[in-house]
Amino acid sequence: MTASWDSSRQAFADATQWFVQTSALVRGRRDQPGLGEWDVRALVGHTSRALLTVETYLARPAQAVDVASAAEYFQAT
């Protein structure tokens, strides 16, 4: 599957908007179990950090492409 840059950016924006809206619904329940050993607060925090990391990395494009796809990345590691 290949997607254009614009459609990838829109998908990221849509996912981020969904996350923000969904996170607002958990007020007062952040200490409840979320996933495995993580509570809801930890999941929200982890996802927030992941979104910020993606934004940061996208603002600093790589000067070279060492691996061209996710499959190549996993093969390399």
Side-chain angles (χ1 to χ4, degrees):
M1 178 177 140
T2 59
S4 71
W5 179 247
D6 288 337
S7 65
S8 295
R9 287 181 62 197
Q10 186 60 53
F12 180 77
D14 291 345
T16 302
Q17 181 180 5
W18 175 87
F19 170 73
V20 169
Q21 291 171 342
T22 302
S23 296
L25 301 175
V26 299
R27 288 189 183 115
R29 295 179 288 178
R30 288 190 168 94
D31 293 324
Q32 291 184 356
L35 179 66
E37 295 180 8
W38 291 24
D39 60 12
V40 173
R41 176 180 283 105
L43 288 172
V44 170
H46 181 77
T47 304
S48 297
R49 181 66 186 129
L51 292 172
L52 290 171
T53 299
V54 169
E55 288 178 349
T56 299
Y57 287 177
L58 290 176
R60 298 180 311 193
Q63 295 181 5
V65 176
D66 294 327
V67 290
S69 69
E72 286 183 31
Y73 173 81
F74 283 111
Q75 289 174 340
T77 59

[Y] reachable from [X] in the ILVMFWY side-chain graph, under 4.5 Å edges:
X	Y	value
V67	V54	no
F19	L52	no
L25	W18	no

Can you list every pair that meets salt bridge (charged side-chain N to carboxylate O under 4.0 Å, His left out) and has a residue in residues 22-35, with sequence neighbours left out?
D31-R41
With a 6.0 Å cut-off (strictly less than), is the heavy-atom count around CZ of F12, excluding the residue itself, greater than 12?
yes
So how far is it from E72 CD to Q75 CD, rounded to the nearest 0.5 Å?
6.5 Å
Taking atom CD of Q17 and atom OG1 of T22, what is their separation to the nearest 0.5 Å?
10.0 Å
Heavy atoms of V40 and P33 approach each other most closely as CG2-O, 3.8 Å
Using a 4.5 Å cut-off between side-chain heavy atoms of Ile, Leu, Val, Met, Phe, Trp and Tyr, which other residues end up in the same hydrophobic cluster as L43?
L35, W38
Under 3.5 Å, is there a donor-acceptor pair between the Q10 and D6 side chains?
no
